[in-house]
Each structure stands twice: as structure tokens, then as C-alpha cells.
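Okay, so here's the structure we're looking at.
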Amino acid sequence: MGVSAPLLSAAGVIAAVVAMMVDGRRAVAIAVVFLAAGLAPTAATFVGAPGALVLGGCAVAAVLLAWAGWLGGRVLPWLSRLDPTIPAFAPADRLFGPRSSRAFGAAVALPVASWVSFNVPIGQIATVGGLLFPIAYAWTCGVIRLLVARTVEDLAVAVAMVGIATGTAWLLRSGNDSFPGAVLACVAAPLAAFLAGWLNGRSSRRAGRVIDVEA
Amino acid sequence: MSPLVIAAVWLALGLVSSAVLRRRTARLVALVPLVGVGLTLLVTRSSTAAVPLGGLTGITGLDRTGEGVLVAAGISMALVVLFQPSIDVSVGRAVGVVGAAATVAMASSDPLVTALALTAAVATLVLRWIGQSPGKATLAAGRVAGTGTAALIAASPFLPLTGFTTGARPVVVGVLLATGVAALLAVYPLGGWAAGVIGALKPAEIAPWLVLLVPVVLIIAERIPGGNLGGGTPVYEHVLLVVGLGSAVWGGLWAVRGRTAMRYGRVFMVDIALCAAAVEGASVSPAVTGAMIILLTHLTLAPILLRSEDAGLRWPRRVAWALLSGVPPSPAFWGRLLILEALAAGNVGSTIAAVIAMGAIFIAAVMACSTTVRVFPEQRWRTRLPDLAAWMLIAIGVAVGLAPQSLAGFVFGH
């Protein structure tokens with residue numbers, strides 16, 4: 001039974017938009033889970049269950065490592081002065097905030113991804129309409145999120161988005177090295193989740209100490 | 001010895017040094033690059049250069065040039081650490097990760113492995129920089145250099161280009177690779193982040209990027225057109241030629257106009273932009289040799305010029321600036337002459353742009369030489385040690401100027 005390419009694209013686009021907009025201390029894990037869920041149908045359609053398994057494993061690893069990093073950050077004594085959710089600088093008040101610029105970026109990414117999808121063949125597969133669209137869209141959104149980042153958490157979400165999108169592209173290119181390549185590219189996402197979780201754990205412990213002292 | 005083992009040692013020593021060392025023993029951080037250099041000399045040498053345009057083939061090995069770059073960069077990094085008046089031990093972590101990443105990137109023929117190694121290096125540096133000085137400049141490093149590594153990662157599934165040497169695919173790959181290289185080498189319009197970081201942080205914080213990462217990325221960038229890039233080759237070369245020359249001219253103007261403390265960083269960026277433009281736009285022998293000589297000159301003089309001005313070394317600094325000025329027989333003169341020769345073989349526009357940039361470097365060097373800084377002289381022998389070491393480096397710089405091709409060949413192979 002054939003699967004509708006627009007349906008696959010829609011799943012990827014929705015996932016990428018969620019990853020683009022999500023904020024907060026669990027942003028990386030949420031972005032990874034949504035992206036893995038959104039791109040897994042594309043991967044499963046073209047390389048079968050193992051493709052979906054790679055992305056599913058990546059999502060599970062990201063959630064576990066984010067939690068482990070948070071726990072480690074709270075327990076271990078090494079001090080980090082960096083809170084990943086606090087903007088590294090305070091821009092002047094503007095009409096459009098960071099989410100507005102991300103939404104604009106997500107809209108701009110549509111024609112870019114569309115062009116890539118229809119013009120750039122990948123691996124041994126010839127150009128097929130819509131094949132690369134969700135992947136190119138997720139990657140472009142990741143880069144735009146990187147370019148408009150204000151916090152370390154934003155940078156980590158962007159790295160995770162780029163890693164998962166590239167991992168799915170490796171799955172689609174087929175050949176002997178597609179699975180190892182996909183796993184290698186996807187590793188960036190759990191590592192970003194771990195790092196963000198670690199920094200969150202450190203800063204939440206420090207915040208707790210400050211409250212205790214003030215009390 | 002495998003490059004992976006060497007990278008693992010860099011990484012382990014970097015992490016251990018930042019966890020174990022204290023303020024009194026901070027200078028032992030220099031052991032991280034020195035041990036890395038020692039092991040790199042024992043590497044099992046590969047007869048072919050690793051060009052990261054293949055499939056997922058893993059680590060192929062270090063060739064003579066790669067080994068030479070890593071050894072020279074490692075020694076320079078150790079000297080930068082030893083020359084600093086004070087060192088934060090946690091910089092050892094950044095040195096270790098960047099050294100490991102540089103080793104893996106230099107030895108890998110796989111674009112994904114190379115891109116991930118460079119991503120790890122950039123992520124480590126950016127986190128450190130943002131932690132040290134949160135602000136627009138350090139965040140921009142994450143944004144732009146991160147975009148560069150993301151572009152390199154994105155190019156990996158499209159490689160190798162066997163059977164796809166024409167059409168949109170090689171062009172997209174060429175644009176992605178050029179973006180990645182330009183962002184990591186801090187070539188304008190993707191170079192503002194480096195200028196900001198140089199102005200916002202201490203020299204020792206920037207050194208892992210400047211001394212360890214840039215030479216490796218430059219060598220990789222030089223090798224890329226030699227691989228199978230098909231229709232992407234002219235795109236890649238022309239993009240880097242144009243942005244490199246533009247960056248050199250713009251950076252040269254800022255090297256003259258900018259703050260004294262940022263002058264060396266600016267001059268370094270101009271020289272790297274010139275090298276990138278020349279080796280990509282005129283990939284003939286003089287350009288590559290010239291780039292090697294300039295690289296060797298900077299690796300020799302960076303430990304002196306990355307030490308803050310008010311921390312002594314007044315006369316060695318002046319002589320170091322003279323060696324960078326481009327006046328014959330300084331090593332920079334020979335390097336820039338070869339680059340100019342290669343660019344002149346292309347077109348007159350490139351030559352004019354390069355001459356303007358080189359003129360700006362000369363003016364910046366003269367201004368740096370004439371700057372008077374108040375230094376309180378101390379006669380204790382311990383404070384004289386940096387002076388002695390600096391004069392030894394100056395002697396090496398003079399030797400490079402007297403026998404540029406022989407010494408560049410000795411370090412990087414022929």
C-alpha cells in the first residue's frame with residue numbers, strides 16, 4: 001500500500017514547527033520527540049521498520065539523557081555558572097519577539113525545503129517529488145533557530161533538529177553505510193539533550209540555594 | 001598509533017587537567033597539547049591525504065601535512081598557555097576537546113565524522129565563551145560557527161558525488177561546504193563573530209580556535225576541490241575567493257582602525273582570509289606554499305602576540321610585529337608574495353584586493369610597533385624566562401624568513 005507523500009510531509013512540517021516554537025527547560029527533549037515522531041513515517045516508508053527504530057531510539061535516548069543530565073547536574077559538585085534558559089543578552093524591546101522571528105523563519109523555510117525536495121536527489125534514489133521535503137524543512141528550521149538563538153537552550157534545540165534531520169537524510173540515501181551514518185548523525189540530538197539537562201540541573205540547584213539563603 | 005587513540009588522549013588529558021589542576025599548577029595545562037604533539041609524532045602515517053568527501057569510511061589516517069599541522073599547532077598552543085600571565089585551569093577542557101576534534105577532523109575522509117568532530121569543538125568553545133562572557137558577541141559565535149558546522153553536517157548525506165557530478169546536487173554541496181568553511185574560518189560575511197569574541201575575551205580563551213582549529217580547517221578547505229566535487233567545485237572555489245578577498249580588505253581596514261588589543265586577532269583573520277581566497281581561487285603551487293608559510297609564521301608568533309600588551313615582552317612584541325609586517329625578508333613577506341603571485345595568475349581584481357589588504361596589514365603592523373605601553377620592569381629571573389622564550393621564537397621566525405620554503409617543507413612536508 002502506497003503512502004501519501006503530502007501526508008508524510010505534513011507530519012514532518014508539524015513536528016518541525018513544534019520543535020521551532022518550543023521553549024523552556026525541557027525544550028530539547030520535546031523537540032527531539034516530536035521530530036522523531038514526525039520524520040519516522042518518512043523513514044519507515046523508505047527503509048522500513050529499522051529506520052523508524054533509529055529515530056525512536058534517538059527520541060528515547062534524548063529523553064533519558066536529558067533526565068540523567070538534569071539529575072547529574074543537581075547531584076555532582078562541579079559548578080557551572082551557565083543557565084541555559086536565560087538569554088545571553090537582552091535585546092531592546094521590539095514589536096516582534098523571538099517566537100515571532102522563529103515563526104517567520106518557519107514560513108521562509110517552506111520554499112527553501114520545497115526547492116531542495118524537487119531538485120536535489122539523495123543517494124541512489126532519483127529525484128522524487130516530496131521525498132526530501134520534511135527533512136529539508138526540519139534542517140532549515142534548525143538552522144534558522146540557530147541563527148535567531150538567544151539562549152544556550154535554543155542552540156541545543158537547533159543542534160538536535162539538525163542532527164535528526166541529517167540522520168533521516170542518511171536513512172534515505174540507502175546503501176551499506178546509511179544506518180551507521182544515521183545513528184552517528186542522530187547522536188547529536190541525545191548529546192544536546194544531555195548537555196541542556198546538565199546545565200538545567202546545575203542552575204536549578206543554584207537557584208534553590210539562593211532561595212534558601214534568602215529565606 | 002591510530003589518530004583515534006591520539007584524539008582520546010587529548011580528550012582525556014584535557015578533562016583530567018581541568019578537574020585536577022589548581023591555580024598554582026595551572027601552567028601544567030600546557031602538558032595537554034605537548035603530550036598530544038608527542039603522540040602525533042608517533043602516528044601511523046598515511047600515504048594519501050584525507051579529503052572529507054567520501055562515504056562513511058571512518059578514520060583513514062594522518063598524512064605528512066596533517067601531522068605537521070597538528071604538531072606545529074600543538075606546540076604553539078602549549079606556548080600560548082605558558083606565555084600567559086595567568087591561566088584558568090578549566091581552559092584545559094577546551095584545549096583537550098578542540099585538540100581531539102582537530103586530530104579526528106584532519107584524519108577523516110568521511111564528511112559526517114569530520115563535521116561532527118568540528119561541531120564538538122565549536123560547541124565546547126561556544127559554551128565556554130558564553131559562560132565566560134555572556135553577550136551578543138559570544139552568542140553570535142554559537143549562531144554563526146554553529147551554522148557552519150550544521151552546513152557541513154547537511155552536506156554529508158549527499159556525498160560522495162559519484163554519478164551526480166552535474167545538476168543541482170553538486171552545487172548545493174559546494175554551497176554548503178563553502179558556508180561551513182567560511183563560518184569556521186571567520187571569513188566575512190560570516191566572520192563578525194570572531195571579531196566580537198576577540199574583543200570580548202582574554203587571548204588564552206580564543207587560542208584554541210585560533211591556533212588549533214583554524215589551521216586544520218584551512219588545510220581541509222584546501223583539499224576539498226581536489227576531491228570529487230563535480231559541478232560544485234567552481235561554486236565552492238569562487239564563493240571562497242570572493243568572500244575571502246572581501247573579508248581580507250574589510251578586516252585589513254578594521255585592523256588599522258580598531259582597538260590596539262584586537263589588532264593581532266584582526267591581522268590573523270586577514271591573513272587567513274587571504275590564504276582561503278588564494279588556495280581556493282588560485283589552487284596552484286605558490287598559493288598553497290604561501291599559505292603554509294603564513295600559517296607557520298602565525299603559529300610561531302601567536303604565543304608572543306596573544307599575551308596581553310601590559311604583561312611585558314615589549315621588544316619581542318615589536319620584532320614579532322615587524323616579522324608580520326610583510327617587509328622583506330620577514331616570513332610574512334614570502335608567504336604574501338606567493339599568494340599574490342598565485343592571485344595575479346587569475347585576474348587583476350583579485351590582485352588589487354589582495355594588495356590593499358596587505359597594505360592594511362603593513363600599516364597595522366607599523367602602528368602596533370609604534371604603540372608605547374607602560375610596563376613595570378622586574379629583574380627577577382622568573383620574569384625574564386618569558387623574554388628568553390619569546391626571543392627564541394623570534395629567532396625561529398627570522399629563520400623562517402631566511403629559508404621559508406625549506407622550513408615550511410620541514411614542518412608540513414613537501
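Every chain is numbered from 1, with letters handed out A, B, ... down the list of sequences. Here the structure is a predicted model, which is why all the values come from computation and not from measurement.
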Any idea which of [options] has the most non-hydrogen atom pairs under 4.5 angstrom with chain A?
options: B/V172, B/T149, B/I153; value: B/I153
options: B/A140, B/P134, B/P170, B/A150; value: B/A150
options: B/A154, B/S133, B/G167; value: B/A154

Subject >> Proximal component of B/V173, with respect to chain A [non-hydrogen, under 4.5 Å] >> reply: neither

Non-hydrogen atoms of [X] and [Y] that approach each other most closely:
X: B/S156; Y: A/W170; result: OG-NE1, 3.0 Å
X: A/L146; Y: B/G146; result: CD2-C, 3.2 Å
X: A/R173; Y: B/P160; result: NH2-CD, 3.9 Å
X: B/A168; Y: A/W115; result: CB-CH2, 4.0 Å

Original post:
Out of curiosity, A/L184 CG to B/L112 CG, how far, rounded to the nearest 0.5 Å?
Top reply: 4.5 Å

Subject >> B/L127 CG to A/W198 CH2 distance, which is reported to the nearest 0.5 Å >> reply: 12.5 Å

Original post:
By a 4.5 Å heavy-atom criterion (distance strictly below it), what part of A/L155 contacts chain B: side chain, backbone, both, or neither?
Top reply: side chain

Subject >> Region of A/L195 that comes under 4.5 Å of a non-hydrogen atom in chain B >> reply: side chain

Is the number of heavy atoms from other residues, nucleotides or ligands within 6.0 Å of [atom1] ([X]) greater than 12?
X: B/R128; atom1: CZ; value: yes
X: B/Y188; atom1: OH; value: yes
X: A/R25; atom1: CZ; value: yes

Just give me the residue among [options] that pairs up with chain B most often, heavy atom to heavy atom, under 4.5 Å.
options: A/A149, A/G163, A/G142; answer: A/A149
options: A/V152, A/L147, A/D154; answer: A/L147
options: A/V116, A/V148, A/I135; answer: A/V148

**OP:** Taking A/R150 for its side chain and B/L139 for its backbone only, find out whether a donor-acceptor pair lies under 3.5 Å.
**Re:** no

Subject >> side chain to side chain contact (heavy atoms under 4.5 Å, CB included) evaluation trace for A/V187 with B/L116 >> reply: CA-CA 10 Å; A/V187 158; B/L116 288 175; over 6 Å; no

**OP:** Begin from the C-alpha positions of A/V162 and B/T119 and carry the test side chain to side chain contact (heavy atoms under 4.5 Å, CB included) through to its verdict.
**Re:** CA-CA 11 Å; A/V162 167; B/T119 304; over 6 Å; no

